[in-house]
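Here the structure is a predicted model, which is why all the values come from computation and not from measurement. Residue numbers start at 1 and run along the sequence shown.
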Amino acid sequence: RYQRGVTLIELMISLSIGLVMIGALIAVHLAQYQSTRQMEALSRLQENARYAFELMGYDIRMAGNWTCSIPGQSTPSNFVNNPTADWWRNTSRPLFGVSETADSNAEGDAGFPADFDAEALRGDTVMVLRADHDNPPGEVEVYDLGTADIDLTENHTFNDGELLVLNDCKTQASVFQMTAGEGGDTIKHLITTPAPSPAQGNCSASLFGTTCATAPIATDVAGAKVMRLVGNAYYLRNSPRMYPNTSTPIPSLYRQALGNSGTTAATSAEELIDGVIDMQILYGEDTTADGSVDTYVEADGVANWANVIAVRVTLTLESTDENQSTTSQTFTFGNGATVTNNRLRRTFTATFGVRNRLN
């Protein structure tokens, strides 16, 4: 009986030790699992930030790049009607931004462009115009001033209504709207009777001169390049997806990209990465013309956009799953609003130089 009692006690002790060990193993496993989730979430945030900066950085560095510089011409001559009606046809301002006004509702502000103002969330926006260097350009064979025809050496992929850039790298760079010629080797840029903003079309059949009032000039531009006008605006808006187990939309970084809708130029929204909860942008302005940044200011503090030679972008990204962080965290947005939850957040900053404005 004594021997059996000792055996029972030993068994109970063994079971207790076993339960403790199992509990310890479970705790270790849970800690490792949580650590793995955090590492995976952090890796995704870093990768998303890297991708966002790659896209934004390329556009910002190439802002105002029209392929080659024309002596005495800082921006292309713009022959599109109402050239300042929209950010995407205002080629005299190839780099431009709008700061979000501090408020309590974290909504987009009225200063944002009309084509995405209604969808803009918190954070700033930056807009870039440049020639399309990512696709093969068309090469001019003959330019007929009388018919407003540009004959190319090969068939092109441009669409009716798109805004195009012509640059011969010696005489002139010009921006115009293609009015016909889709799918062939000829581009038409016919005159459209000027109308109140924001009507589109061209104000001249000539692509040479400084304004539409300039008398048409017959110019040999054989060999000149024709490219799309690229217009990209970066901003935040709510994506169509929700945070898990909630009805709250996940905010994303969007790009409003210039293209065409039918026979008119128009922009459309492209979602780039999700989980971007804030974007703050500062502009490096060279106020002394020495080729270096003298001060970084918000968009509403820029004195002359032509003097902006660098752009500093700060993105705050957040994991889309709850309980990634062991403690609740509070984050203050650039507009003063706050959010508190257990999601993992990281802030990333990158500065990009505008290449054709740097010495």
Can you name the closest pair of heavy atoms from [X] and [Y] and give their distance?
X: S77; Y: Q172; result: OG-NE2, 2.7 Å
X: A49; Y: L317; result: N-CD2, 3.8 Å
X: Q329; Y: R343; result: NE2-O, 3.3 Å

Any chance the side chains of [X] and [Y] put a donor and an acceptor closer than 3.5 Å?
X: D274; Y: S239; value: no
X: Q256; Y: T267; value: yes
X: T84; Y: N90; value: no
X: T332; Y: T338; value: no
X: D134; Y: Y58; value: yes
X: N356; Y: W66; value: no

Value rounded to 0.5 Å, distance of OG1 in T67 from CZ in R130: 10.5 Å
Nearest-0.5 Å distance that lies between atom CG in L129 and atom CH2 in W88: 10.5 Å
Heavy-atom side-chain contact between E141 and D185 under 4.5 Å: no
pair R228-L164: side-chain heavy atoms closer than 4.5 Å: yes
Closer than 3.5 angstrom, by distance alone: can the side chain of [X] be matched with the main-chain N or O of [Y] as a donor-acceptor pair?
X: E318; Y: G275; answer: no
X: D124; Y: I281; answer: yes
X: N82; Y: A199; answer: yes
X: S261; Y: A266; answer: no
X: N159; Y: N260; answer: no
X: D149; Y: K188; answer: no
X: N307; Y: E285; answer: no
X: Y254; Y: F116; answer: no
X: N202; Y: Q177; answer: yes
X: R89; Y: N81; answer: yes

Ring geometry between H156 and F158 (parallel below 30°, tilted from 30 to 60°, perpendicular above 60°): parallel
Electrostatic pair D278:R122 at N-O distance under 4.0 angstrom: no
Basic-acidic side-chain contact under 4.0 Å: R50, E47: yes
Heavy-atom neighbours of N304 CG exceed 12 at 6.0 Å: yes
Residues in side chain to side chain contact (heavy atoms under 4.5 Å, CB included) contact with D300, at least two apart in sequence or another chain: S99, E298
Hydrophobic cluster identity match, V126 and Y296, side-chain contacts under 4.5 Å: no
